[in-house]
Trainee: 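Shown below is the structure under consideration.
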Amino acid sequence: MGEFDLIKAYFRRPAQGAGLILGVGDDCALLEPSIGMQLAVTTDTMVSGVHFLPDDDPRDLGHKLVAVNVSDLAAMGARPRWLFLNLTLPAVDDCWLAAFADGLFAQAQRHGAVLAGGDTTRGPLAFGLTAMGELPAGQALRRSGARPGDLVCVSGIPGEAAAGLAHRLGQHLLPEGLAAQALARLHRPEPRVTLGLALRGAATSAIDISDGLAQDLGHILAASGVGATVELARLPSSPVLEALPHAMAWRHQLAGGDDYELLFTLPPEYAGRMADLPGPVTVIGRIDPDPGLRLLAPDGSPFPLAHKGHDHFA
Ligand code: ADP
Ligand code: MG
């Protein structure tokens, strides 16, 4: 099978969706953004041996590639629209490609995005996706708007994906049912698109947690010129995390990464109104005027965190 047959067989599916004038098959896609909307554009790469293992389920890889990019759109409050896939394959493996494409299209459809184009080359297994979304002009959720007194909030349960990875790497073992849940969080994250849309006009800042809660919160603090206090006792927990020693669970929650949950700040008047937001949201701390991130253990003592998250070049 040649390059063009491959594209046609696996990635040229009838793509419907307002705004897609011309999709896969010509030199460029033609897109028509909605009037009054700004485009939010993001790209993420996944490399074999770095972001995934070569024998990972290709359906999960297709899912996760879309999910991690859509998560960036969610963190800006954008509605997902168009995707572009850059695929580098060592060889044509039909079973692998069919499963990868199914995972990718299923996750794209779930969030209302269509595959509008891409590029296909031969080489060591790697893929990248560029995702475009739309939001009303001027309403993007940036990292830079957090103010002293704001509530620091997080969606879902950060740390479960890291528990899944540590289980897989044999660093600790989880009981069978809990392992399945943690591995699902690692391999099939569900980006918080609906929450991101609901936060427009409410949140003062937002980011998605890809590299670790403490490190990603650090990006908000730096961009906003503020600090924060986070109480470990308020971090959302779960049977997966409760099955681990406290210190290990905290490290997964604070520095694990791969969560694709939203971390955001809300003005204090939102306290007590968290249940109005779509999806589980927990207040974990508060923004302070003094720069820096202060982590408080349940007894009120400072919690030392040597490693705050993932950095490819650190
Ligand atoms: P060109 O050589 O002009 O860059 P290509 O042969 O790379 O064109 O691509 C032909 C068409 O197929 C384009 O519309 C491109 O966007 C699309 N395409 C190529 N690879 C992929 C892919 N992996 N997924 C989706 N669309 C793809
Ligand atoms: Mg090309």
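Whatever order the structure lists them in is the order used to number ligands and atoms, beginning at 1. Atom set for the values below is all heavy atoms of this structure, side chains included, hydrogens, waters and symmetry mates excluded.
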Trainee: Give the atom numbers and elements of ligand 1 that come within less than 4.0 Å of a heavy atom of Asp27.
Mentor: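 Near Asp27, meaning under 4.0 Å from one of its heavy atoms, ligand 1 has 3 (O).
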
Trainee: For Val24, counting its heavy atoms only, list the atoms of ligand 1 lying under 4.0 Å from any of them.
Mentor: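 Near Val24, the atoms of ligand 1 are 12 (O), 14 (O), 17 (C), 25 (C), 26 (N).
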
Trainee: Show which atoms of ligand 1 fall inside a sub-4.0 Å distance from at least one heavy-atom site of Thr120.
Mentor: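 Going through ligand 1 atom by atom, the ones under 4.0 Å from Thr120 are 19 (C), 20 (N), 21 (C), 22 (C), 23 (N).
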
Trainee: Go through ligand 1 atom by atom and flag the ones less than 4.0 Å from a non-hydrogen atom of Leu85.
Mentor: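 Per the distance check, 22 (C), 23 (N), 24 (N).
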
Trainee: Can you find a non-hydrogen atom of Phe84 under 4.0 Å from ligand 1?
Mentor: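 Contact absent.
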
Trainee: Using a strict cut-off of 4.0 Å, indicate which atoms of ligand 1 neighbour a heavy atom of Leu115.
Mentor: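 The list of qualifying atoms is 24 (N), 25 (C).
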
Trainee: For Asp259, is there an ion pair with Arg192 - N to carboxylate O distance below 4.0 angstrom?
Mentor: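 No.
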
Trainee: Out of all atoms in ligand 1, which are within 4.0 Å of some heavy atom of Asp26? Include the element for each.
Mentor: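 Those atoms are 11 (C), 13 (C), 14 (O).
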
Trainee: Below 3.5 Å, N or O to N or O, backbone or side chain included: is there any such pair between Gly118 and ligand 1?
Mentor: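 Yes; at least one N/O pair falls below 3.5 Å.
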
Trainee: Give a yes/no on ligand 1: does Arg12 have at least one heavy atom closer than 4.0 angstrom to it?
Mentor: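 It does not, in that no heavy atom of Arg12 comes within the 4.0 Å cut-off of ligand 1.
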
Trainee: For Ile7, which part has a heavy atom under 4.0 Å from ligand 1: side chain, backbone, both, or neither?
Mentor: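 Within the 4.0 Å criterion, Ile7 contacts ligand 1 through side-chain atoms alone.
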
Trainee: Can you list the atoms of ligand 1 that are under 4.0 Å from a heavy atom of Glu3?
Mentor: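 Contacts of ligand 1 toward Glu3, numbered from 1: 6 (O).
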
